[in-house]
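Not measured: the values here are computed from a predicted model. Quick note on labels: first sequence line is chain A, next is B, and so on, each numbered from 1.
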Amino acid sequence: MNYWLFKSEPSAYSVDDLARDRVTAWTGVRNYQARNLMRDAMRAGDRAFFHHSSCEEPGIAGIAEICRPAYPDETQFDRKSRYYDAGAPRDNPRWFNVDVKFVRKTRVVTLAELRAQKALKNMQVLKRGNRLSITPVTPAEWACVEHLLEKT
DNA sequence: GCCAACGTTGGC
DNA sequence: GCCAACGTTGGC
């Protein structure tokens with residue numbers, strides 16, 4: 001099993017939205033690195049931190065599970081979508097998405113709190129200039145954050 | 001609102 | 001294939 005971190009702006013889609021929907025298609029990713037992670041490395045059953053970005057309190061806010069491996073992202077074919085891609089015909093899709101399922105909400109673990117952990121000093125989401133919306137998390141990092149979540 | 005960092009685009 | 005210009009991300 002692999003571990004991941006998914007960033008989302010809560011004004012666009014929050015952990016509460018996922019709690020309501022239970023399952024959602026993680027469409028709209030238009031970055032090749034993030035796409036490759038979804039398409040090539042994610043498996044059903046993988047777990048992910050749901051991270052809120054560009055908001056009042058950026059940080060980890062919940063846990064989700066990959067419940068369907070990658071398949072072509074419908075929004076790339078939809079002329080009316082902001083994610084439409086004229087260079088991606090149906091017979092040669094460029095963008096993929098997985099489905100994620102709600103596991104639970106957590107207290108918000110802020111970036112400052114994450115940065116204070118020595119065990120997380122190499123965590124990709126904390127690296128300077130990181131803009132990738134999907135990043136891998138190591139088992140050790142996952143365990144460290146889970147431990148943090150048990151505290152208040 | 002600022003600005004550093006990064007990905008993409010396009011001229012050459 | 002290089003690289004400057006540009007647009008976007010996202011923390012602060």
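Ion pairing of A:Glu113 with A:Lys151 is absent here, as no side-chain N (NZ or NE/NH1/NH2) approaches a carboxylate O to less than 4.0 Å.
Each of A:Leu37, A:Asn31, A:Asn36 was evaluated against A:Gln33; a single residue qualifies, A:Asn31, per the side chain to side chain contact (heavy atoms under 4.5 Å, CB included) test.
Side chain to side chain, A:Asp78 and A:Tyr83 fail the donor-acceptor criterion of an N or O pair below 3.5 Å.
Applying the salt bridge (charged side-chain N to carboxylate O under 4.0 Å, His left out) rule to pairs touching residues 42-71 of chain A yields A:Arg47-A:Glu65, A:Glu65-A:Lys101, sequence neighbours excluded.
The outermost nucleotides of DNA chain C lying under 4.0 Å from heavy atoms of chain A, listed 5' to 3', are C:dG7 to C:dC12.
Residue contacts for A:Arg30: at a heavy-atom cut-off of 4.0 Å it reaches no nucleic acid atom on any strand shown. Base engagement by A:Ser54 is indicated by at least one non-hydrogen atom pair under 4.0 Å involving a base atom.
The ring pair (Phe, Tyr, Trp, His ring centres under 6.0 Å) test applied to A:Phe50 returns A:Trp26, A:His52, not counting sequence neighbours.
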